[in-house]
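Just the heavy atoms: all of them, side chains too, but no hydrogens, waters or symmetry mates, feed the values below. Here, residue 1 is the first one in the sequence, and each next residue gets the next number.
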Amino acid sequence: MTKDKRIKTICNMVFTPVVAEIGADHGYITKELFEQNKITNAFLTDISSKCLQKALTNFKNSSYNQNCTFLVGDGLQALSQVENKQNIGQIIIAGMGGLEIIKILKDEQANFYNQFVLQPQRNVVELRQFLQDNNYFICSDRMVKEGKIYYNVLKVKKVDKQVLLTQDEILFGKSNLVEFNPDFVDYLKFEIAKLTEILSKKDMPEKLTYLKQLQNILTNKTKGV
Ligand SMILES: C[S@@+](CC[C@H](N)C(=O)[O-])C[C@H]1O[C@@H](n2cnc3c(N)ncnc32)[C@H](O)[C@@H]1O
């Protein structure tokens with residue numbers, strides 16, 4: 001799994017036949033889900049009609065085009081007029097900032113849905129904190145490296161009460177800590193090398209504490225803890 005690792009990891013977390021992709025742009029994730037026969041129907045939305053046009057063009061000659069609904073709108077508001085929202089088993093929000101994802105999840109429209117797949121481009125720590133504080137259980141939280149970029153892909157569901165995360169789980173994602181994930185080990189090594197280089201030139205106590213934390217996790221990983 002080298003090419004499109006990010007998209008494949010997202011698709012691996014989808015297990016319901018009807019999904020909505022918020023911020024679909026070209027719709028590559030939804031397209032892959034149809035090609036894997038994982039879904040029967042999809043809603044593709046985007047805040048920008050110009051971006052959604054790319055998905056329309058991309059899907060035009062496909063057999064599954066008739067099973068897709070294309071909607072322009074901000075976040076989950078795009079689905080507000082959809083009847084039978086309960087058929088949408090999972091909401092996918094990928095390729096945008098973590099703070100934008102938080103904004104989308106704060107919308108009252110989020111109350112209609114229970115299961116989400118989230119892939120923030122940045123601010124994943126803030127997103128994990130938000131999810132914990134708002135009764136979302138993080139079922140899976142995996143880092144994946146594609147090219148030189150590390151992505152985090154989270155499968156989450158709503159629960160009745162808070163499931164508290166440790167500080168390490170908020171910072172690094174639980175699955176990365178408890179499962180073997182070579183991309184996460186690669187990330188730790190990359191961050192350690194970067195911080196060691198910075199600290200060789202300047203004293204920065206906060207960064208030194210973080211470096212030690214990373215080294216500890218890497219030691220535990222290589223010991224198989
Ligand atoms: C980089 S693309 C990601 C496309 C696709 N989801 C993926 O991960 O491959 C981000 C898309 O999100 C859209 N977007 C950003 N904020 C949004 C919002 N609040 N509601 C809907 N779409 C949004 C942008 O217009 C853009 O098309």
Could you pull out all donor-acceptor pairs under 3.5 Å where a side-chain atom in residues 87-99 meets a protein atom, sequence neighbours excluded?
residue : atom : partner : partner atom : Å
Gln90   : OE1  : Phe15   : N            : 2.8
Gln90   : OE1  : Thr16   : N            : 3.3
Gln90   : OE1  : Thr16   : OG1          : 3.2
Gln90   : NE2  : Met13   : O            : 2.9

Walk me through it: do Val125 and Ile170 pass the test side chain to side chain contact (heavy atoms under 4.5 Å, CB included)?
CA-CA 6 Å; Val125 172; Ile170 293 266; 3.8 Å; yes
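- Residues Val159 and Phe112 fall into different hydrophobic clusters, defined by Ile, Leu, Val, Met, Phe, Trp and Tyr side chains chained together at heavy-atom separations under 4.5 Å.
- Remark: side-chain polar atoms of Lys38 are paired, donor with acceptor, to backbone N or O of Val14 under 3.5 angstrom.
- Side-chain atoms of Leu211 and Ile198, non-hydrogen and from C-beta on, never get closer than 4.5 Å to each other.
- A 6.0 Å sphere centred on CG of Asn84 holds more than 12 heavy atoms belonging to other residues, nucleotides or ligands.
- Taking every heavy atom of both residues into account, Lys85 and Leu79 meet most closely at CE-O, 3.4 Å.
- Applying the salt bridge (Lys or Arg N to Asp or Glu O under 4.0 Å) test to Lys60 and every residue at least two apart in sequence or in another chain returns nothing.
- Under the 3.5 Å distance criterion, the side-chain polar atoms of Lys189 are left unmatched by any main-chain donor or acceptor of Phe184.
- Summarising the geometry, atom CZ belonging to Phe59 is positioned 11.0 Å from atom CG belonging to Asn67; distances are rounded to the nearest 0.5 Å.
- Partners of Asp133 by side chain to side chain donor-acceptor pair (under 3.5 Å), not counting sequence neighbours, listed by chain and number: Gln129.
- For the atom pair Phe116 CZ and Lys158 NZ, the distance stands at 4.5 Å (nearest 0.5 Å).
- Applying the salt bridge (Lys or Arg N to Asp or Glu O under 4.0 Å) criterion to Asp183, with sequence neighbours excluded, gives Lys5.
- For the atom pair OG of Ser80 and CD of Glu108, the computed distance is 9.5 Å after rounding to the nearest 0.5 Å.
- Considering only residues two or more places apart in sequence or on other chains, Asn123 meets the side chain to side chain donor-acceptor pair (under 3.5 Å) condition with Glu126.
- A donor-acceptor contact under 3.5 angstrom links the side chains of Gln119 and Gln121, judged on distance only.
- In this structure, the side chains of Thr45 and Leu52 stay at 4.5 Å or more apart for every pair of heavy atoms.
- A salt bridge between Lys54 and Asp25 is present, with a side-chain N of the basic residue lying under 4.0 Å from a carboxylate O of the acidic one.
- One N or O on the side chain of Asn135 and one on the backbone of Asp160 form a donor-acceptor pair closer than 3.5 Å.
- Looking at Glu197 and Lys194, no side-chain N of the basic residue comes within less than 4.0 Å of a carboxylate O on the acidic one, giving no salt bridge.
- Minimum interatomic distance between Asn152 and Met143 (heavy atoms only, all atoms of both residues): OD1-CE, 3.6 Å.
- In this pair, Phe172 and Tyr210 present their aromatic rings parallel. The plane angle is below 30°, not in the 30 to 60° band.
- Put simply, the side chain of Ser140 never gets that close to the backbone of Lys155: no donor and acceptor are under 3.5 Å apart.
- By the criterion of side-chain heavy atoms lying less than 4.5 angstrom apart, applied directly or through intervening Ile, Leu, Val, Met, Phe, Trp or Tyr residues, Leu171 is grouped together with Phe130 in one hydrophobic cluster.
- Scanning for side chain to side chain contact (heavy atoms under 4.5 Å, CB included) contacts around Ser48 gives Asp46, Lys50, Cys51, with sequence neighbours left out.
- Side-chain heavy atoms closer than 4.5 Å link hydrophobic residues (I, L, V, M, F, W, Y) into clusters, and following such links, possibly through other members, connects Leu177 to Leu188.
- Surrounding NZ of Lys207 are at most 12 heavy atoms belonging to other residues, nucleotides or ligands under 6.0 Å away.
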For a side chain to side chain contact (heavy atoms under 4.5 Å, CB included) check, start with the C-alpha distance between Leu118 and Leu105, then their side-chain angles and the critical distance, and finish with the verdict.
CA-CA 11 Å; Leu118 309 172; Leu105 294 177; 4.1 Å; yes
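- When each of Val153, Val19, Leu154 is checked for a side chain to side chain contact (heavy atoms under 4.5 Å, CB included) with Val117, only Val153 meets the rule.
- Annotation for Gln86: atom CD counts as buried by contact number, over 12 foreign heavy atoms lying within 6.0 Å.
- If you check the side chains of Asn58 and Tyr28, you find no donor sitting under 3.5 Å from an acceptor.
- Between Pro120 and Leu127 the shortest heavy-atom distance is CG-CD2, 3.7 Å.
- In this structure, the side chain of Lys31 does not engage the main chain of Ala55 through any donor-acceptor pair within 3.5 Å.
- Side-chain contact between Tyr64 and Glu35 is present, with heavy atoms from C-beta onward closer than 4.5 Å.
- Looking at every heavy atom in both residues, Glu32 comes nearest to Cys11 through CG-SG, 3.5 Å.
- Taking CZ of Arg6 as the start and CG of Asp4 as the end, the distance is 8.5 Å to the nearest 0.5 Å.
- Minimum heavy-atom separation, Gln132 to Val163: CG-O, 3.5 Å.
- Between Tyr150 and Tyr187, the ring planes lie perpendicular to each other; the angle is over 60°, past the 30° to 60° tilted range.
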Side chain to side chain contact (heavy atoms under 4.5 Å, CB included) between Phe34 and Asn65: does it pass, once the steps are laid out?
CA-CA 10 Å; Phe34 275 113; Asn65 192 32; over 6 Å; no
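- Separation of atoms CG (Asn114) and CZ (Phe137) is listed at 14.5 Å; rounding is to 0.5 Å.
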Side chain to side chain contact (heavy atoms under 4.5 Å, CB included) for Val18 and Phe43? Distances and angles first, verdict last.
CA-CA 8 Å; Val18 184; Phe43 294 84; 4.2 Å; yes
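- For the atom pair CD1 of Ile29 and CG of Leu44, the computed distance is 10.0 Å after rounding to the nearest 0.5 Å.
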